Amino acid sequence: MIYTVTLNPAFDKTIYLDELIKGHVNRSVKSIMDIGGKGINVSKVIKSLGGESIALGFIGDENKDKFIKCLNSMGIKNDLVFVAGETRTNIKIVETKANIYTDINQRGFSITPEDLEELLSKLRSYAREGDIFVLSGSLPAGVDNDVYMNLINILKEKGAIIILDADGEALKNGLAAKPDIVKPNINELRMIYEFDDDFNSIVSVGREIIKQGVKKVIISMGNKGAFYIIEDEVFYAKPQRVEVKSTVGAGDSMVAAISFGISKYMEDKEIFKLAVSSATAAIIEEGTKAPSRENVDELMKKVSIERWM
Ligand SMILES: Nc1ncnc2c1ncn2[C@@H]1O[C@H](COP(=O)(O)OP(=O)(O)O)[C@@H](O)[C@H]1O
Ligand SMILES: O=P(O)(O)OC[C@H]1O[C@](O)(COP(=O)(O)O)[C@@H](O)[C@@H]1O
């Protein structure tokens with residue numbers, strides 16, 4: 001089974017404007033509300049690809065009904081820990097004239113030690129050898145930045161496969177516990193490593209992470225494509241040209257495709273093709289909508305993957 005763990009879920013409100021003029025009253029052209037947060041998006045995309053997952057993590061007591069209703073209507077199994085307060089709303093601004101995408105992500109609710117213990121005991125009781133756990137997103141207040149490290153240690157003891165998608169100290173500490181797979185974007189990588197802009201320097205950082213004991217590293221680079229780095233092979237995927245409606249959730253779609261691909265015992269190169277196609281299919285959807293399987297399959301036929309080394 002694939003489990004997604006979202007410590008800090010969110011409602012994503014995507015606001016479309018011609019242009020954002022700072023310090024002025026701006027009128028939106030339209031706005032869209034979706035449930036999101038990194039792990040939740042991963043569960044949405046797994047569903048769309050034809051897979052199953054169970055969404056774990058926290059949810060704010062005050063507005064949980066709307067969130068869980070959405071998950072249920074999408075057919076996504078969930079077992080979330082209810083915490084005091086409200087699940088955050090993140091604002092995504094799309095300026096359509098110049099194709100500028102701006103995210104304003106809020107901090108979110110606060111977690112108590114009891115909340116965390118409740119989640120840990122759920123994880124301990126679910127995890128079985130060979131299960132896939134996706135740990136992703138920012139940390140709510142009240143959670144130490146070594147939380148992913150602790151979760152990885154617990155889940156590894158159970159023999160689970162772990163995919164980590166985090167940033168800053170949470171990623172740095174998480175890497176120390178050697179998750180099986182990590183998917184940093186270029187900015188997340190820059191928060192913890194210094195490197196030049198050229199592709200070889202980026203690949204070197206990925207290979208350094210592999211040397212530290214991580215099995216697969218996917219470095220996503222937005223409109224510059226992505227690298228898939230495994231022990232002795234590196235693949236590069238060129239970005240696919242599409243009409244971009246919202247870049248939110250592109251990375252989560254990659255993570256979803258990777259976990260889905262592993263659960264179906266797909267070959268590495270096929271997994272990477274699916275990951276890039278899923279991410280591209282996500283950016284042609286408005287708001288934080290999961291890509292359609294049909295679009296993913298169409299893009300799979302055209303995706304160009306080359307061996308980098
Ligand atoms: N503007 C774009 N044009 C083409 N492909 C894109 C674009 N933005 C993202 N992608 C695809 O989605 C993948 C993930 O996007 P990225 O922005 O790096 O992730 P994240 O959402 O984690 O920041 C990229 O590696 C690329 O394949
Ligand atoms: O937990 P964080 O880092 O604040 O990110 C949460 C945001 O990330 C998203 O999951 C999108 O992530 P990606 O664009 O990186 O795939 C949004 O749905 C959500 O608002």
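Atoms within a ligand are numbered from 1 in the order they appear, just like the ligands themselves. From a predicted model like this one, the values you see are computed outputs, not experimental measurements.
- Under 4.0 Å from ligand 2, heavy atoms of Asp252 appear from its side chain as well as its backbone.
- In this structure, Ser278 OG and Arg293 CZ are separated by 7.0 Å, a value rounded to the nearest 0.5 Å.
- Atoms of ligand 1 found under 4.0 Å from any heavy atom of Gly225, numbered from 1 in the order shown, are 24 (C), 25 (O).
- Close contacts between ligand 2 and Gly137 involve ligand atoms 1 (O) [criterion: under 4.0 Å to a heavy atom].
- Remark: side-chain polar atoms of Arg190 are paired, donor with acceptor, to backbone N or O of Phe195 under 3.5 angstrom.
- Backbone and side-chain nitrogen or oxygen atoms of Val248 are examined, and none is located within less than 3.5 angstrom of a nitrogen or oxygen of ligand 2.
- Taking the six-membered ring for Trp and thresholds of 30 and 60 degrees, Tyr126 and Tyr3 have ring planes inclined between 30 and 60 degrees apart.
- Distances from atom 15 (O) of ligand 1 to the heavy atoms of Ala250, Ala226, Pro239 show the closest one on Ala250.
- Between Asp18 and Lys97 there is no salt bridge, since none of the side-chain N atoms of the basic residue sits less than 4.0 Å from a carboxylate O of the acidic one.
- Of the protein's non-hydrogen atoms, Val276 CG1, 4.0 Å is the one closest to atom 27 (O) of ligand 1.
- The closest approach between Lys92 and ligand 2 falls below 4.0 Å for a heavy atom of the residue.
- Ligand 1 places these atoms under 4.0 Å from at least one heavy atom of Gln240: 4 (C).
- Atoms of ligand 1 found under 4.0 Å from any heavy atom of Ser220 (numbered from 1 in listed order, with element): 14 (C), 16 (P), 18 (O), 19 (O), 25 (O).
- Ser138 OG, 3.4 Å is the protein heavy atom nearest to atom 2 (P) of ligand 2.
- Between Ala279 and ligand 1, not a single N/O pair is under 3.5 Å apart.
- The protein non-hydrogen atom at the shortest distance from atom 14 (O) of ligand 2 is Gly249 N, 2.8 Å.
- Scanning the protein heavy atoms around atom 15 (O) of ligand 2, the nearest turns out to be Lys38 NZ, 3.0 Å.
- A salt bridge is absent between Asp12 and Arg88: the closest approach of a Lys/Arg side-chain nitrogen to an acidic carboxylate oxygen does not fall below 4.0 angstrom.
- Every atom of ligand 2 is numbered from 1 in the order shown, and the set under 4.0 Å from a heavy atom of Thr288 is 18 (O).
- Set against the non-hydrogen atoms of Asn41, the atoms of ligand 2 under 4.0 Å away are 9 (C), 10 (O), 11 (C), 17 (C), 18 (O).
- Where the criterion is an N or O separation shorter than 3.5 Å, residue side chain and backbone included, Asn90 meets it with respect to ligand 2.
- Around atom NZ of Lys178, no more than 12 heavy atoms belonging to other residues, nucleotides or ligands sit under 6.0 Å away.
- The distance from ligand 1 to the heavy atoms of Lys183 drops below 4.0 Å at these ligand atoms: 22 (O).
- Shown in contact with Gly251 at under 4.0 Å from a heavy atom are these atoms of ligand 2, numbered in order with element: 16 (O).
- In this structure, atom 21 (O) of ligand 1 lies nearest to the protein heavy atom Gly251 N, 2.9 Å.
- The contact set between ligand 1 and Asn223, taken as ligand atoms under 4.0 Å from a residue heavy atom, comprises 1 (N), 2 (C), 3 (N), 7 (C), 8 (N).
- Nearest-residue assignment for atom 26 (C) of ligand 1 (options Ser278, Gly222, Ser277; heavy-atom criterion): Gly222.
- At a 4.0 Å heavy-atom cut-off, ligand 2 touches Arg88 through the side chain alone.
- Salt-bridge annotation for Glu231 and Lys215: absent, with no side-chain N of the basic residue lying under 4.0 Å from a carboxylate O of the acidic one.
- Looking only at heavy atoms of the protein, atom 23 (O) of ligand 1 is closest to Asn185 ND2, 2.9 Å.
- The local environment of CD in Glu267 is sparse, with at most 12 non-hydrogen atoms from other residues, nucleotides or ligands closer than 6.0 Å.
- Close approach of ligand 2 to Asn105 (heavy-atom distance below 4.0 Å) involves ligand atoms 2 (P), 4 (O), 5 (O), 6 (C), 7 (C).
- Applying the ring pair (Phe, Tyr, Trp, His ring centres under 6.0 Å) test to Phe227 and every residue at least two apart in sequence or in another chain returns Phe199, Tyr236, Trp308.
- The existence of a salt bridge linking Lys38 and Asp165 is excluded, since no basic side-chain nitrogen approaches an acidic carboxylate oxygen closer than 4.0 Å.
- In terms of polar-atom proximity, Asp252 is not counted as a contact of ligand 1, lacking any N or O under 3.5 Å from an N or O of the ligand.
- In terms of protein heavy-atom proximity, atom 17 (C) of ligand 2 is closest to Asp12 OD2, 3.1 Å.
- Residue Asp34 forms a side-chain contact (heavy atoms from CB on, under 4.5 Å) with just one option from Val248, Asn90, Thr288, and that option is Thr288.
- The atoms of ligand 2 that sit less than 4.0 Å from any heavy atom of Ala250 are 16 (O).
- For Phe67, the ring pair (Phe, Tyr, Trp, His ring centres under 6.0 Å) criterion is met by Phe11, not counting sequence neighbours.
- Using a 4.0 Å cut-off between heavy atoms, Ser253 makes no contact with ligand 2 at all.
- Hydrophobic clustering, with ILVMFWY side chains joined whenever heavy atoms are under 4.5 angstrom apart, groups Val214 together with Ile154.
- At under 3.5 Å, not a single nitrogen or oxygen of Met254, backbone or side chain, sits near a nitrogen or oxygen of ligand 1.
- Residues Val81 and Leu155 are members of one and the same hydrophobic cluster, defined by side-chain heavy-atom contacts under 4.5 angstrom among Ile, Leu, Val, Met, Phe, Trp and Tyr.
- Using a cut-off of 4.0 Å between Lys/Arg side-chain N and Asp/Glu carboxylate O, Lys245 and Glu285 are scored as not salt-bridged.
- Hydrophobic clustering of Ile, Leu, Val, Met, Phe, Trp and Tyr side chains at less than 4.5 Å, counting indirect connections, unites Ile181 with Ile46.
- In the displayed structure, Lys122 atom NZ is contacted under 6.0 Å by more than 12 heavy atoms of other residues, nucleotides or ligands.
- When heavy-atom distances to ligand 1 are checked against a 4.0 Å cut-off, Ile283 comes that close only through its side chain, counted from C-beta outward.
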